[in-house]
Each structure stands twice: as structure tokens, then as C-alpha cells.
Amino acid sequence: MIKTLTYKILEGHLLDGPIKINSEIGISIDHTLTQDATGTTAMLLFESMGMDRVNTKLSVSYVDHNMSMFGPENHNDHLYLQSISRKVGVYHSRPGNGICHQVHLERFACPGATLLGSDSHTPTAGGIGSLAIGAGGLDVAVAMGGGAFYLTAPKVIGIHLTGRLNDWVSAKDVILKVLSILSTKGNVGCVAEYWGEGVKTLTVPQRATITNMGAELGVTTSIFPSDEQTLAFLKAQKREDVYMPLSAEADAEYDRIIEINLSELVPLAAAPSSPDNIKSIAELEDEEVHQVLIGSCTNSSYRDLMTVAQTLKGHTIHRNIELAIAPGSRQVLTLLARNGALSDLIQSGARIIESACGPCIGQGQSPGEGKVSLRTFNRNFKGRSGTKEDLVYLVSPEVAAATALTGKITDPRRLGKLFGIDYPGITDLTEIPIDDGMIEAPLDKDEAQKAEIFRPASIVTPPAGEIPPEHINGRVLLHCGDKITTDHIMPAGTFLKYRSNVPQYSEYVFNCFNKPGEPTFAQKAISLRDSGGHGVIIAGDSYGQGSSREHAALCPMFLGIKLVIAKAIERIHRANLVNFAITPATFAHPGDYDRIKEGDQLEVIDFREALKTSDTFTVKNISSGFEFSCNLNLSSREREILLAGGKLNYTKSNK
Ligand code: MIC
Ligand code: SF4
């Protein structure tokens with residue numbers, strides 16, 4: 001077989017094989033990344049496994065998500081993370097230093113390395129040629145301890161790039177184009193690998209925009225070769241020592257090839273409320289907009305923000321628009337401050353917010369109801385902005401800047417005619433003053449022994465899982481449709497501050513489905529759990545897409561959910577369910593989904609026995625008197641984890 005770049009890196013890291021498409025493999029992890037919203041739990045689980053020192057080449061903890069600090073919880077988390085990082089050997093990027101993926105790309109990511117991160121946009125580092133994968137915090141904790149990471153040996157989709165982007169067309173338009181072809185569904189177990197002449201025309205930050213939002217495809221990761229562009233980026237970051245050229249073998253065998261001619265792309269948008277609802281800006285022009293937000297781990301590079309600054313320079317934003325900018329890293333913000341671009345942005349009327357995730361995770365800047373918000377972010381799931389009925393479009397920085405000036409969705413290619421604005425044509429800097437003062441190195445082993453971990457009362461050790469019941473005595477607590485995201489299961493935004501307290505956070509499970517005056521999902525689940533019943537979730541396609549947050553499994557586990565039956569379940573969430581002893585199953589006949597209602601009593605006899613050996617089990621719907629069959633697509637390792645009552649118990653007993 002002629003090798004893809006993905007398989008070259010996988011083979012170089014193989015611990016448990018053999019590599020055969022669709023079979024489970026274990027790989028070694030060189031680097032890990034955690035952020036505060038998932039990292040506190042990851043670190044607590046690391047401790048619960050009895051670990052006291054990381055066993056990777058590099059582990060970094062970032063504080064970038066929970067930054068609003070209403071109440072003491074967020075600050076407590078920050079201090080816990082700082083203290084445990086120092087002790088267990090993890091670098092700690094302090095609040096203010098920037099968004100994990102942007103900072104990791106700038107300061108740590110290496111071509112050819114494997115990176116596992118407790119955040120679904122970890123594949124950003126694929127822009128530099130890392131094999132970078134998002135996972136639940138428990139999987140990352142195991143990798144921090146030196147354990148293998150298990151994944152399905154992927155199919156590789158080769159995305160062949162030719163041509164060169166035209167002025168005002170952006171890397172964001174490339175990934176939006178890919179999303180229009182592949183959609184957010186049906187790509188589980190695939191990697192998107194970019195190759196071809198067009199690759200050479202894209203800088204590392206542009207590539208990182210593409211691999212970042214590759215997460216929305218539902219692929220395991222996305223990756224670019226490492227070449228002259230990679231070397232130039234690393235030189236500017238004074239890290240050329242980690243450079244190595246990397247590419248697929250000539251005529252590598254891809255499972256599918258997608259052709260994209262960069263020269264033919266036009267400005268695009270993901271319309272409300274899915275990242276694959278792609279429209280051309282030309283189709284949307286003249287739609288009134290009230291908010292423009294620029295930043296996030298997708299579009300925070302120097303080039304992106306300089307392009308915005310140059311476009312807005314000397315103009316005031318339209319009277320209908322509120323514009324806010326969250327630069328992705330302290331490095332980028334400092335560069336803008338030093339060269340005067342920050343003052344151009346401020347002059348134009350932009351509100352500068354801190355270098356963090358901010359509004360991307362619903363921490364402020366929620367739009368008014370029915371008011372269109374244009375964002376350079378990567379997700380526009382309904383309600384993620386903090387406004388229930390929001391209308392969020394995802395666009396490039398170029399479209400965002402043009403729209404900020406006109407108050408209507410605007411094709412930036414018209415800016416010359418409208419305002420006499422020329423294409424800024426920003427290029428990356430070849431030399432950057434480096435300052436890692438906000439990245440704290442861990443203590444050495446001896447000093448670490450004496451160091452204390454900060455343990456405030458707001459941080460509660462997550463509960464361990466239970467062995468699955470012998471028989472399921474279940475009730476359907478929720479019957480939900482397609483594309484239920486982990487944001488629907490476990491909301492972030494203002495609830496983020498409860499991430500370190502599972503019992504408290506669990507009160508908000510499926511909050512978006514709760515109706516005023518009726519018992520909440522959590523209340524129904526707890527009363528069922530306490531009366532000895534087992535909660536069951538029935539779902540459609542792409543269940544659990546989006547974020548890697550393991551709380552979307554951990555909190556339902558706490559509420560007594562034992563089984564999820566869906567038409568299809570997304571990769572990271574499925575792994576999280578197994579890790580927390582909730583069995584993920586799929587309908588053998590997807591049509592059975594329509595025959596089940598909320599409140600139905602379901603029974604599975606010999607459920608535990610089925611988990612041991614069988615690939616299917618039969619569910620009896622007592623309420624309507626029919627039986628249906630479910631598939632269990634479990635590896636033998638996953639069976640063992642489920643039967644042990646989750647990965648924490650499994651890892652402890654296998655130490
Ligand atoms: C997101 O973009 O949804 C997040 C917040 O970064 C999550 C992680 C989390 O929920 O903490 C992700 O993408 O994994
Ligand atoms: Fe942060 Fe948004 Fe990126 Fe998630 S997608 S890491 S919330 S900036």
C-alpha cells in the first residue's frame with residue numbers, strides 16, 4: 001500500500017495493532033493539551049488513577065475558556081490547574097496568554113508528533129503536520145500517564161488542492177467548501193489529508209484554520225504536509241529545530257479524493273444553524289446584520305486580524321453593528337499593539353475583548369433575539385451563543401470586516417467599489433519577538449514532591465462509574481432528533497463554571513429541552529435512578545457531535561443513564577460514553593427510531609451478558625409491545641471498559 005501521511009505517522013506511533021482500516025489500534029502520544037473547561041476534570045481523573053507525574057514528551061495546560069469569573073469557581077479552577085501542573089510536570093499557559101490551539105500552534109506543535117487534546121479543535125495543529133486528535137479528558141489523562149490512545153484505524157480522504165486563493169477569498173472559505181461537500185455527517189472514522197500544488201500556497205496559520213474547522217466534519221483529524229511554509233512559520237517562531245519535512249508517498253492511496261481548485265473559490269458562509277449549511281456570500285448579500293464577532297481558535301492569526309485592521313483603518317463601523325474582537329493569542333495581540341493596528345481597530349469602533357474563547361463558548365456577547373450575528377468562529381449550533389433562537393453565520397475575517405462597514409452581509413470583493421478599500425494582502429512576519437513569560441514551566445521532580453496542590457471546596461472529585469445492570473429496566477427519558485450536539489446535552493456558556501462539580505452541573509443536562517413549569521430532565525432522571533430504573537436516551541443521526549466535553553457523558557452517568565440508542569453516534573462522544581459506562585448502541589433498523597416515544601418502558605434481558613460477547617441485543621418496548629434489535633459495535637477493549645464500570649475503574653484494575 002502506498003502510504004498517506006496519516007498512515008506514516010500512525011505506523012511510527014503504533015503500540016497495539018495491526019493497522020487495518022476500521023479496526024481498533026493503540027498509538028503512543030507524544031504531546032497532550034488540556035484547557036480549563038475540560039482540564040480540571042482531566043487532572044482530577046489523572047489523580048484518581050493514582051498518577052503523580054506525566055509521562056509524555058510534552059504536556060501543556062491552558063486557561064482560556066472559563067474566563068468570566070462570576071463567583072469564585074473559575075478562579076479556583078485556574079489556581080488548581082496551576083498548582084497541579086507545576087507538580088505533575090505540565091507546562092501551564094496562564095489566563096491572558098491566549099486560546100489553547102492558537103498558542104499551541106505558535107509555541108509547541110511539531111510536525112510528525114502525535115498530539116491528544118481534551119478539546120475537539122485539537123486538530124488545529126494538523127496545520128503544522130502534527131497528527132492531532134481531540135478526545136475526552138479521561139483519554140487525555142491516560143495519555144498523560146503514558147498510556148496508549150485507542151482509535152479506529154481511519155479511512156483517509158485525500159483533499160487535493162490546486163490553484164491559489166484570489167484576493168478577499170480566505171482559508172475559511174476552503175473549509176466551508178469542504179463542509180459543503182462532506183457535511184457534518186457520515187465522516188466518523190475518517191481523516192482529511194490535504195495534498196497537491198495548492199497546499200504550497202497556504203501558510204501554516206491558513207492551514208490551521210482549515211484543520212481547525214475540520215472538527216465540524218466529524219473526522220478524527222485533518223492534516224497538512226510539512227514543507228517550506230512550515231519551516232518559515234517555525235523560523236519566525238524561533239523553533240526551526242523541530243522542523244522535519246513530511247508528506248504522503250507519491251501516488252498515496254486515498255479512500256476517496258476530493259478536488260478543490262483554490263482559484264475557483266468564492267467567499268462563503270455557514271448559515272444558521274449548522275456549520276455545513278453553506279451558502280455563497282453573493283446569495284446572502286443585503287441580509288441585515290447587528291453583530292460581528294472576530295476571533296476564536298479558527299481565525300485568530302496575525303494575518304487574519306491584520307487583514308481586518310487594514311480593512312477597517314480610517315473607517316467607522318456601520319451604526320447598526322456591534323463589533324467585538326477577541327485576538328487568539330497574547331503574541332498576536334502584542335504584535336497588533338506594537339504596529340498600531342490595534343489602534344486602527346479601536347478607532348473603527350471595535351470592542352477589544354480578551355485573548356480567550358469568550359463569545360465562541362457563549363461567555364458573553366449573546367446576540368439579541370432574531371438579530372443576525374456574523375462570526376469568524378467554527379460552530380453556530382442553535383443556542384450556543386447564549387441566545388435560544390439565535391441566527392449565527394460563520395464567515396471569514398474578510399467577510400466579517402466588510403459586513404462591519406456596511407451593516408449587511410457583504411462580499412468583501414466589493415469593498416474597492418464601495419469604499420475604495422484595496423485588498424490588504426497581509427503576509428506573515430518572518431521574525432517575531434518571542435515572549436513565553438506567561439507559560440510556566442513545571443517543577444523538577446524533587447521540588448515537585450514538596451509542592452502543594454490547591455484544593456478548594458468548589459472542586460469535587462468526579463464520581464466513578466458502575467458496572468452495567470444485569471437487565472435493563474429502562475425508561476426513555478428523551479427522544480431527540482438528528483445532530484444533537486454536546487452543547488445540547490451539556491450546555492456551556494454561563495454554566496461552564498460548574499464543570500468541576502458534577503452533581504451541580506448535572507442539574508443542567510439537556511437544559512435546552514426543559515419546559516417551564518415541568519420537571520427538568522435531571523429531576524426525571526434522578527427520580528428514576530433513585531427508584532432503581534435505568535435512563536435511556538433515544539437519538540437520531542450524528543448524536544454527540546461538536547465539543548469533546550466528557551461532561552456530556554459524565555453528568556448523564558451521574559443521573560443514572562445506562563444506554564443511548566441512536567441512528568449514529570459521533571466519535572469523541574461515543575468514546576466518552578464508553579469511558580463513563582453508558583452503553584452506546586445503534587438501531588439495527590433505523591426506522592425503529594420512529595416507533596419509540598418519550599416515557600416508553602424498555603426492557604433488555606441479559607444486557608450484561610450481551611455486553612460480554614454479543615454484537616446485538618433485543619429491546620422489548622413494554623409500553624407499545626414491540627421488539628427491536630440494536631447493534632453493539634464494540635471492540636473487546638471497549639467491552640472490558642464497560643463491564644468494569646468505566647475507564648477509571650478499568651485503568652485502576654489494569655495498573
Ligand atoms: C467548544 O468549542 O465547544 C469547546 C468549549 O472548546 C469544547 C470543549 C469544552 O466543552 O470544554 C470542545 O470543542 O471540545
Ligand atoms: Fe475556544 Fe471556541 Fe475554539 Fe472551542 S471552538 S477552543 S470555545 S475558541
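Atoms considered below: every heavy atom in the structure, side chains included; atoms not considered: hydrogens, waters and symmetry mates. Whatever order the structure lists them in is the order used to number ligands and atoms, beginning at 1. Remember, predicted model here, so these are calculated numbers, not experimental data.
- When only modelled atom types and interatomic distance are considered, T41 and H551 share a side-chain donor-acceptor pair under 3.5 Å.
- Ring geometry, F513 versus H488: the interplanar angle falls from 30° to 60°, so the pair is classed tilted.
- Ring centroid separation for the pair F454 and Y80 does not come in under the 6.0 Å cut-off.
- Under 2.8 Å from atom 2 (Fe) of ligand 2, one finds the following protein N/O/S atoms: C360 SG.
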With side-chain contact (heavy atoms from CB on, under 4.5 Å) as the test, would you mind laying out the steps for V142 and M49 before giving the verdict? CA-CA 8 Å; V142 169; M49 286 185 287; 3.8 Å; yes
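- Distances between N or O atoms of D487 and those of ligand 1 include no value under 3.5 Å.
- Side-chain contact check for P367 versus R375: some heavy-atom pair is nearer than 4.5 Å.
- Here the side chain of D77 pairs no donor or acceptor atom with the backbone of N66 at under 3.5 angstrom.
- By the 30° and 60° cut-offs, the orientation of the rings of F108 relative to Y91 is tilted.
- Screening T298, T376, N299 for a side-chain hydrogen bond (donor to acceptor under 3.5 Å, both in side chains) with D304, the sole residue that qualifies is N299.
- Remark: ligand 2 atoms within the under-4.0 Å shell around heavy atoms of H101 are 6 (S).
- Taking the centre of each ring, Y498 and Y505 stay at or above the 6.0 Å mark.
- Remark: ligand 1 atoms within the under-4.0 Å shell around heavy atoms of R499 are 9 (C), 10 (O), 11 (O).
- Under 4.0 Å from ligand 2, the heavy atoms of D119 that appear belong solely to its side chain.
- Under a 4.0 Å criterion applied to the non-hydrogen atoms of S548, ligand 1 contributes the atoms 12 (C), 14 (O).
- For atom 13 (O) of ligand 1, the closest non-hydrogen atom of the protein is S120 OG, 2.6 Å.
- A side chain to side chain contact (heavy atoms under 4.5 Å, CB included) with H92 is found for exactly one of L81, I84, N97, namely L81.
- Between T38 and ligand 1, no pair of N/O atoms sits closer than 3.5 Å.
- Taking a cut-off of under 4.0 Å to the non-hydrogen atoms of D119, the atoms of ligand 1 that pass are 4 (C), 6 (O), 7 (C), 8 (C), 12 (C), 13 (O), 14 (O).
- Atom 2 (O) of ligand 1 has R384 NH2, 2.9 Å as its closest protein atom, hydrogens excluded (heavy atom only).
- Not a single heavy atom of M490 sits under 4.0 Å from any atom of ligand 1.
- For ligand 1, the polar-atom distance check finds an N/O of R549 within less than 3.5 Å of one of the ligand's N/O atoms.
- Of all the heavy atoms of H551, none lies under 4.0 Å from any atom of ligand 1, so neither backbone nor side chain is involved.
- Contacts between I361 and ligand 1 below 4.0 angstrom, taking non-hydrogen atoms only, involve the side chain exclusively.
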Is there a side-chain hydrogen bond (donor to acceptor under 3.5 Å, both in side chains) between S68 and Q363 once you walk through the steps? CA-CA 7 Å; S68 55; Q363 297 259 306; 3.0 Å; yes
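- Donor-acceptor pairing under 3.5 Å is lacking for the side chains of Q102 and Q331.
- Less than 4.0 angstrom separates some heavy atom of H65 from each of these atoms of ligand 1: 4 (C), 5 (C), 6 (O).
- Regarding atom 7 (C) of ligand 1, its nearest protein heavy-atom neighbour is S547 OG, 3.2 Å.
- Remark: ligand 1 atoms within the under-4.0 Å shell around heavy atoms of A37 are 11 (O).
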Given the rule in the side-chain hydrogen bond (donor to acceptor under 3.5 Å, both in side chains) test, do E216 and T184 qualify, once you have shown the distances and angles that lead to the verdict? CA-CA 6 Å; E216 276 45 77; T184 58; over 6 Å; no
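- Closest protein heavy atom to atom 8 (C) of ligand 1: Q35 NE2, 3.2 Å.
- Atoms OG and CD, on S301 and Q206 in that order, are 7.5 Å from each other to the nearest 0.5 Å.
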